[in-house]
Amino acid sequence: MRFVKGHGTENDFVILPDPDGVLDLTAEAVRRLCDRRAGIGADGVLRVVRTKATGSDADAEWFMDYRNADGSIAEMCGNGVRVFARYLVDAGLAPPGEWDLATRAGLRRVTLGPSGDVSVEMGRPELLGPAEASLAGAAFAGERVSVGNPHLACRVTGPVAALDLSRAPGFDPAVFPDGVNVEFFRGVGERHVEMRVFERGSGETRSCGTGTVAVAAAAAGGTGGGEWTVDVPGGRVTVVLDGATSHLRGPAVLVAEGETRPGWI
């Protein structure tokens with residue numbers, strides 16, 4: 001099985017080229033690929049498949065089939081979209097420029113050159129009202145945000161580095177029946193926040209693209225927003241909110257490629 005390894009602000013992925021949709025990608029195979037000790041290691045898998053091979057009539061050539069590290073299927077991944085787009089251009093499967101990708105959360109427009117950062121239109125984040133997370137016996141008030149997938153963005157007063165995210169934060173399953181990505185963020189300047197995230201299906205990750213949009217929207221409080229700088233453990237991204245949609249801009253880096261051993265998966 002051919003693979004490419006890439007990351008966006010250290011949110012890392014195993015990319016599986018499967019243009020004709022012939023790969024039987026099981027949850028167990030995803031878990032083995034993402035295993036950091038016995039596999040390649042990643043926060044998730046990006047299967048690269050032509051949209052027509054999935055039976056979809058979406059008006060985009062390529063579909064991003066994203067899987068979490070535990071094998072579960074996810075609707076969207078902001079860092080993954082950028083890495084996916086960078087792979088397509090690097091592999092000669094798409095030109096530099098501006099075009100749409102199909103995801104389970106709908107079409108996402110990407111803009112990128114032959115190298116450098118990638119920008120993706122993420123849609124309008126929806127603020128859905130308050131909810132609460134618990135961590136190490138403490139309760140944290142947060143805002144429910146949809147960015148095509150569910151988020152709970154919790155503002156904290158102290159440095160996010162001091163939080164213990166070795167265990168999953170608690171939340172109300174009646175409010176989040178499909179699970180939720182939980183972000184903790186703190187303002188560090190004008191339209192500038194730092195954040196950490198515990199992603200459903202993957203645990204704490206070094207970055208979460210949809211999570212950075214959710215945090216910027218929660219920090220802006222539905223006031224339109226403007227341009228926000230979001231620092232994550234793996235680097236820095238820019239989120240632009242204009243009241244109608246959002247854009248996420250940041251790095252997308254391909255680091256290795258190869259083949260798995262025959263019979264390993």
Side-chain angles (χ1 to χ4, degrees), residues 8-13 27 30-31 34 42-46 64-81 103-106 108 120 122-156 160 163-186 193-222 225 228 230 232-234 237 239 241 246 248:
T9 49
E10 299 181 7
N11 189 195
D12 61 337
F13 308 95
V30 171
R31 288 191 291 269
C34 292
D43 294 323
V45 166
L46 303 171
M64 183 182 78
D65 178 12
Y66 178 62
R67 313 292 180 95
N68 294 314
D70 68 354
S72 59
I73 293 173
E75 303 91 343
M76 245 297 287
C77 178
N79 290 324
V81 168
T103 76
R104 290 187 178 89
R108 294 293 184 264
V120 53
M122 299 289 288
R124 184 176 183 270
E126 296 180 73
L127 301 183
L128 301 174
E132 190 174 271
S134 60
L135 188 66
F140 294 85
E143 177 75 26
R144 293 181 292 135
V145 187
S146 174
V147 192
N149 57 353
H151 293 267
L152 177 55
C154 302
R155 188 188 299 268
V156 299
V160 296
L163 297 170
D164 180 6
L165 291 184
S166 59
R167 294 185 180 182
F171 58 86
D172 185 347
V175 177
F176 301 106
D178 298 319
V180 66
N181 304 292
V182 183
E183 290 85 26
F184 299 92
F185 72 94
R186 178 179 73 131
V193 297
E194 62 173 10
M195 83 165 215
R196 287 171 66 193
V197 58
F198 196 100
E199 293 194 57
R200 59 173 184 169
S202 296
E204 185 184 7
T205 58
R206 300 281 291 172
S207 178
C208 173
T210 54
T212 62
V213 176
V215 160
W228 288 76
V230 184
V232 294
V237 298
V239 176
L241 306 169
S246 63
L248 170 66

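Values reported hereafter were calculated over all heavy atoms of this structure, with side chains retained and with hydrogens, waters and symmetry mates removed.
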### Side chains of N11 and C77 in contact at under 4.5 Å (non-hydrogen atoms)
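Yes, close enough: below the 4.5 Å cut-off.
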
#### Entry: Nearest-0.5 Å distance, CD of residue E132 to CG of residue D172
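Between atom CD of E132 and atom CG of D172 there are 9.5 Å.
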
### Task
Decide side-chain contact (heavy atoms from CB on, under 4.5 Å) for V230 and M195; before the verdict, give the C-alpha distance in whole Å, the side-chain angles of both, and the deciding distance to 0.1 Å.
CA-CA 7 Å; V230 184; M195 83 165 215; 4.1 Å; yes

### Query
If you take all heavy atoms of R196 and P233, which pair is closest and at what distance?
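Closest heavy-atom pair between R196 and P233: CG-CG, 3.9 Å.
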
### Query
Under 3.5 Å, is there a donor-acceptor pair between the side chain of D70 and the main chain of S72?
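Confirmed, D70 side chain pairs with S72 backbone.
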
### Task
Please answer whether the main-chain N or O of G123 pairs with a side-chain N or O of S246 as donor and acceptor at a distance below 3.5 Å.
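Yes.
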
### Query
Who are the side chain to side chain contact (heavy atoms under 4.5 Å, CB included) partners of F171, not counting sequence neighbours?
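With neighbours one apart ignored, the set is F176, V180.
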
### Task
Mind running side-chain contact (heavy atoms from CB on, under 4.5 Å) on F140 and L135 for me, showing each step along the way?
CA-CA 8 Å; F140 294 85; L135 188 66; 3.7 Å; yes

#### Entry: Shortest non-hydrogen contact between G179 and P150, atoms and distance
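Between these two residues, the closest heavy atoms are O-CG, 3.3 Å.
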
### Query
If you take all heavy atoms of A214 and E183, which pair is closest and at what distance?
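Minimum heavy-atom separation between A214 and E183: CB-OE1, 4.3 Å.
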
### Message
Check whether S202 reaches the backbone of D43 with its side chain - one donor and one acceptor, N or O, closer than 3.5 Å.
### Response
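Checked: pair present.
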
### Task
Find the distance between CD (E199) and CG (L165) and round it off to the nearest 0.5 Å.
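If we round to the nearest 0.5 Å, E199:CD and L165:CG are 11.5 Å apart.
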
### Message
I'd like to know if the side chain of E194 and the backbone of V160 have a donor-acceptor N/O pair within less than 3.5 Å.
### Response
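Yes, the answer is positive, given that a donor and an acceptor are paired below the 3.5 Å cut-off.
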
### Side-chain heavy atoms of M76 within contact of V147, under 4.5 Å
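Heavy-atom side-chain distance check fails, nothing below 4.5 Å.
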
### Query
Do N181 side-chain atoms and H151 backbone N/O form a donor-acceptor pair below 3.5 Å?
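Checked: no pair found.
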
### Message
Can you confirm whether R104 is buried at CZ, in the sense that more than 12 heavy atoms of other residues, nucleotides or ligands lie under 6.0 Å from that atom?
### Response
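Yes, because the 6.0 Å sphere around CZ of R104 holds more than 12 heavy atoms from other groups.
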
### Task
Rounded to the nearest 0.5 Å, what's the gap from OH on Y66 to CD1 on I73? Could you check?
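Reported value, rounded in 0.5 Å steps: 12.0 Å.
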
#### Entry: Passing option when V193 is tested against V232, V239, V215 for side chain to side chain contact (heavy atoms under 4.5 Å, CB included)
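Single side chain to side chain contact (heavy atoms under 4.5 Å, CB included) partner of V193 among V232, V239, V215: V215.
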
### Message
Looking only at the side chains, is there a donor atom on one of N79 and S207 sitting less than 3.5 Å from an acceptor on the other?
### Response
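The criterion, which ignores hydrogens and geometry beyond distance, is satisfied for S207 and N79.
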
### Query
Considering residues at least two apart in sequence or located in another chain, which fulfil the side chain to side chain donor-acceptor pair (under 3.5 Å) criterion with R108?
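For R108, no residue satisfies side chain to side chain donor-acceptor pair (under 3.5 Å) once neighbours in sequence are set aside.
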
### Task
Determine, stepwise, if the pair D178 / R200 fulfils side-chain contact (heavy atoms from CB on, under 4.5 Å).
CA-CA 9 Å; D178 298 319; R200 59 173 184 169; 4.0 Å; yes

### Query
Considering all heavy atoms of both residues, which atom of C34 and which atom of V45 are nearest to each other, and what is their separation?
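Smallest interatomic distance, heavy atoms only, reads SG-CG2, 3.8 Å.
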
### Message
Please check this pair: side chain of T103 against backbone of G106, looking for a donor-acceptor N/O pair closer than 3.5 Å.
### Response
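Yes.
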
### Message
To check you understand the geometry: which heavy-atom pair defines the closest contact between A218 and E143, and what is its length?
### Response
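Where A218 meets E143 most closely, the heavy atoms are CB-CB, 4.2 Å.
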
### Query
Between atom CG of L241 and atom CG of L248, what is the distance when rounded to the nearest 0.5 Å?
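Here the rounded value is 10.5 Å.
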
### Task
Please report the shortest heavy-atom distance between C154 and A133, naming the atom on each side.
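Scanning both residues, the minimum pair turns out to be SG-CB, 3.9 Å.
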
